[in-house]
**Q** 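The structure follows.
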Amino acid sequence: MPIKIIQVTDLHLIKPGELLCGLDPLDRLQKCIEDINTHHGDAAMVIFSGDLSDTGEEETYHTLASELEKLVVPYRLMLGNHDNRDAFLKVFTSVMAEDGFIQTVIPMREGRLILLDSLETGKTEGRLDGARLAWLKQQLDAAGSEPVYIFTHHPPFPIHIPHLDSIGLIEADELFALLKENGNVRHIFAGHAHRPVAGSWRGIPISVLRGTNHQTALGFEGHRVAVTHEPPVYGVIFIDHETVIVHAHDFLDRSATYY
Ligand SMILES: [Fe+2]
């Protein structure tokens with residue numbers, strides 16, 4: 001049996017009742033959690049891959065914490081460029097920062113999930129400075145020959161949408177050097193782009209998902225950003241020793257009809 005992981009990304013919570021890009025991020029999160037509880041209570045883990053908050057305000061993390069009480073699956077939280085590490089840690093007091101960062105390793109039957117913290121306070125682009133790269137190297141060394149699955153808010157690879165490529169992960173080459181040295185990295189799961197993207201980067205399979213609130217319009221020219229109301233998704237990921245499969249589930253769609 002493969003293990004099942006759920007990926008939820010780019011929640012962008014604001015004050016309850018307020019709209020962001022014409023949408024209600026809290027309502028979206030509630031529907032997302034409801035759907036996970038209904039259909040994926042058997043999942044091993046839900047990973048929230050950053051931009052939990054839109055504003056980084058402490059209140060938004062309190063909102064998140066109270067919604068997470070309803071989630072029946074164990075979860076881990078990651079940070080994105082919209083988050084505020086200090087405010088997050090004030091609310092999620094049980095989260096242990098490693099070297100001051102919200103980075104962690106989750107040992108699983110099928111290998112190790114390594115969750116990175118690419119937030120650089122005050123910046124939109126992602127960073128993995130010397131301390132974070134050193135931590136990652138330690139974790140990759142400790143993984144030995146076990147398969148490794150990387151979760152990162154900022155994609156280290158270009159997706160050819162100019163605005164997004166300009167705010168990706170700065171230390172992409174340094175990250176790749178460590179992943180290549182390890183040689184057992186099976187997949188990179190990312191957020192940040194608010195787009196469904198799949199492919200490979202220098203030989204490593206990658207995937208990116210839409211967020212739970214607003215999305216980025218598909219456009220390959222110019223640096224202007226357009227936001228869309230394309231449907232939100234969460235990812236249903238199956239991992240076994242041979243395969244990584246990522247399904248993007250449109251959790252607001254109720255049109256399934258059985259014939
Ligand atoms: Fe985002």
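Computed over heavy atoms, backbone and side chain alike; hydrogens, waters and symmetry mates excluded. Start at 1 with the first residue, then count along the sequence. Numbering of ligands and ligand atoms starts at 1, following listing order.
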**Q** Within the structure provided, determine whether Phe176 and Ile188 are in side-chain contact (heavy-atom separation under 4.5 Å).
**A**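 No. Closest side-chain heavy atoms not under 4.5 Å.
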**Q** Let me check your reading of the structure: within less than 2.8 Å of the Fe ion (ligand 1), is there an N/O/S atom from His12?
**A**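 Checking His12: at least one N, O or S atom is under 2.8 Å.
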**Q** Salt bridge or not between Arg132 and Glu120? Use side-chain N to carboxylate O under 4.0 Å.
**A**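 Yes, charged N to carboxylate O under 4.0 Å.
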**Q** Does the distance from a Lys or Arg side-chain N to an Asp or Glu carboxylate O, for Arg202 and Asp173, drop under 4.0 Å?
**A**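 Yes, charged N to carboxylate O under 4.0 Å.
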**Q** With a cut-off of 2.8 Å, does any N, O or S atom of His82 fall short of it relative to the Fe ion (ligand 1)?
**A**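 So His82 does not count as coordinating the Fe ion (ligand 1).
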**Q** From the N, O or S atoms in Asp51, identify the one nearest to the Fe ion (ligand 1).
**A**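 Looking at Asp51, the N, O or S atom with the least distance to the Fe ion (ligand 1) is OD2.
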**Q** Using only N, O or S atoms, tell me which atom of Asp10 is closest to the Fe ion (ligand 1).
**A**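 The Asp10 atom nearest to the Fe ion (ligand 1), restricting to N, O or S, is OD1.
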**Q** What do the steps show when you test Leu218 against Arg195 for side-chain contact (heavy atoms from CB on, under 4.5 Å), and what is the final call?
**A** CA-CA 8 Å; Leu218 192 63; Arg195 293 268 349 139; 3.9 Å; yes
